[in-house]
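I have placed the structure first, in the form of structure tokens, so that the comments after it can refer back to it.
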Number of protein chains: 2
Amino acid sequence: MFSKACEYGIKATIYIAANSIDGKRISLKGIAKHIDSPEAFTAKILQILARERVVNSVRGINGGFEIDKHRIQDIVLADIVNAIDGDAIYKNCGLGLKECSEARPCPVHDKFKIVRNNLKSLLETTNVKSLAMEVDSGLAFLKL
Amino acid sequence: MFSKACEYGIKATIYIAANSIDGKRISLKGIAKHIDSPEAFTAKILQILARERVVNSVRGINGGFEIDKHRIQDIVLADIVNAIDGDAIYKNCGLGLKECSEARPCPVHDKFKIVRNNLKSLLETTNVKSLAMEVDSGLAFLKL
DNA sequence: ACAAAACAGGATAATTTTATCTTAATTTAA
DNA sequence: TTAAATTAAGATAAAATTATCCTGTTTTGT
Ligand code: FES
Ligand code: FES
């Protein structure tokens, strides 16, 4: 469904958010360990998310990643997915036609569009704060 | 969403079905041309689908691919997706956890499961015959 | 029997995705 | 001011996916 990069990006962001809620900044190493992802690859993904202003990065000793407390509730999954995988998952034809359109639909267009829109609204309405709080309270998990 | 291989497999199967309804067998070359897919790669995918008995292959002059007329209505998209991409799309965790489970869910589990089940039922209830007929009647398209 | 058409299967190659490594820049604390 | 911790960025490598090529086998018409 999502690329590995995107999966790591989502998990990392949730973990950063969970820490930011507690006022803690967290290092790449800590993130990779906690979400069980390859460190260097995760660094690349966090670079993207930092450039796209989904997370803040701070260099130097005691540096790491964080999210402004008052912004956490405004970040939705779609922000992360868009930054990493782009909008293909919303826009592309399920059968790979060059364009997904009503005018020249593929055979699964009508049905596929519904699933795709469900996914889209899931991503656009799910904010990172609620997910981070689930993790914080031990109701949801980021690895294994 | 689906792999390229799976996209080609679905389109090829629909096109074979559309021809089989008219009692016509169609060659690999004809299929690849019509669905705009790389011929040799499509051959590999049709090999899989033939092994899994989704389509029949016939060798030799006037050979090609076909589907038993009375079976067309029984083939659903899930048969094709399962043969090529396996069941990962139904079973795997959206965030890549090793197991998707209620006991140890990832933060998006509840919401993701709904989308995934929608997709599952779409694939399990959409038969190739109806799609082939849409293509036949010019209501849906397999390329461009 | 033979040649041609067509699929099967194995080997190889190109591309994309995933992952790692190395060096540079930044920040802080001692 | 120097050393250590930390992210940034570019280069490289490994793995997976996608695509092609070549040879073999089957079938049919002549
Ligand atoms: S044309 Fe295929 S999903 Fe819209
Ligand atoms: S555990 Fe992640 S989708 Fe079920």
Side-chain angles (χ1 to χ4, degrees), chain A residues 1-13 15-16 19 24-67 81 83-86 88-89 92 95-96, chain B residues 1-13 15-16 19 24-67 81 83-86 88-89 92 95-96:
Chain A
M1 184 75 85
F2 305 118
S3 67
K4 274 289 168 199
C6 198
E7 289 177 5
Y8 297 148
I10 292 170
K11 287 188 281 192
T13 304
Y15 185 57
I16 294 166
N19 277 277
K24 284 184 285 188
R25 183 184 293 161
I26 181 82
S27 73
L28 167 64
K29 192 173 295 220
I31 294 165
K33 188 157 295 179
H34 195 271
I35 71 173
D36 195 23
S37 66
E39 197 175 312
F41 191 42
T42 306
K44 295 294 182 202
I45 295 155
L46 287 170
Q47 253 176 65
I48 295 171
L49 292 174
R51 258 187 247 121
E52 300 286 326
R53 313 238 181 267
V54 175
V55 303
N56 291 121
S57 79
V58 180
R59 303 222 267 201
I61 283 187
N62 303 324
F65 296 87
E66 65 192 8
I67 304 176
V81 174
I84 300 173
D85 282 352
I89 202 164
N92 286 184
L95 297 187
Chain B
M1 185 73 88
F2 305 118
S3 67
K4 276 287 168 202
C6 198
E7 290 178 4
Y8 298 147
I10 293 170
K11 287 189 282 192
T13 304
Y15 185 57
I16 294 166
N19 277 277
K24 284 185 284 188
R25 183 184 292 161
I26 181 81
S27 72
L28 166 64
K29 193 175 293 222
I31 294 166
K33 188 158 293 176
H34 196 270
I35 70 174
D36 195 25
S37 66
E39 197 175 312
F41 191 42
T42 307
K44 296 294 183 201
I45 296 155
L46 287 171
Q47 253 176 68
I48 296 170
L49 292 175
R51 256 188 248 122
E52 300 287 325
R53 314 237 182 267
V54 174
V55 302
N56 291 121
S57 80
V58 180
R59 303 223 267 201
I61 283 186
N62 304 325
F65 296 87
E66 64 190 10
I67 304 177
V81 173
I84 300 173
D85 282 352
I89 203 165
N92 285 184
L95 296 187

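Letters A, B, ... mirror the listed sequences (proteins, then strands); counts begin at 1.
In this structure, A:Asn56 places its CG atom 16 Å from C1' of C:dT27, rounding to the nearest Å. D:dT7 atom P lies 11 Å from atom CD of A:Glu66, rounded to whole Å. The distance between atom CD1 of A:Ile31 and atom P of D:dA8, rounded to the nearest whole Å, is 10 Å. Rounded to whole angstrom, the span from the CG atom of B:Leu49 across to the P atom of C:dC7 amounts to 14 Å.
In this structure, the side chains of B:Ile10 and B:Ile84 stay at 4.5 Å or more apart for every pair of heavy atoms. Counting heavy atoms from C-beta on, the side chains of B:Ile16 and B:Leu46 come closer than 4.5 Å. Two residues are said to be in side-chain contact when any heavy atoms from C-beta on lie closer than 4.5 Å; A:Ile89 and A:Met1 meet this criterion.
Side chain of A:Asp85 to backbone of A:Phe2: no donor-acceptor contact under 3.5 angstrom is found.
Applying the 4.0 Å criterion to OP1 and OP2 of C:dG9, one finds that B:Gln47 has a side-chain N or O inside that range. Using a 4.0 Å cut-off, no side-chain N or O of B:Arg25 falls inside it from OP1 or OP2 of C:dA6.
Residue B:Ile31 comes nearest to B:Ala12 through the heavy atom pair CG2-CB, 3.8 Å, listed as atom of the first residue, atom of the second, then distance. B:Leu28 and B:Glu39 make their closest contact through CD1-O, 3.6 Å (heavy atoms, listed as atom of the first residue, atom of the second, distance). Residues A:Ala83 and A:Leu49 share a closest heavy-atom pair of CB-CD2, 4.0 Å.
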Write down the protein N/O and nucleotide N/O pairs, taken from nucleotides 3-6 of chain D, whose separation is under 3.5 Å; answer none if there are no such pairs.
| from | atom 1 | to | atom 2 | distance (Å) |
| --- | --- | --- | --- | --- |
| D:dT6 | O4' | A:Gly60 | O | 3.4 |
| D:dT6 | O2 | A:Gly60 | N | 3.4 |

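Ring pair A:Tyr15/A:His34 is parallel by interplanar angle, where below 30° counts as parallel and above 60° as perpendicular.
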Which nucleotides of nucleotides 10-21 of chain C have their base under 4.0 Å from a protein heavy atom (B), which only their sugar-phosphate (S), and which neither (-), written as one string 5' to 3'?
-> BB------SBB-
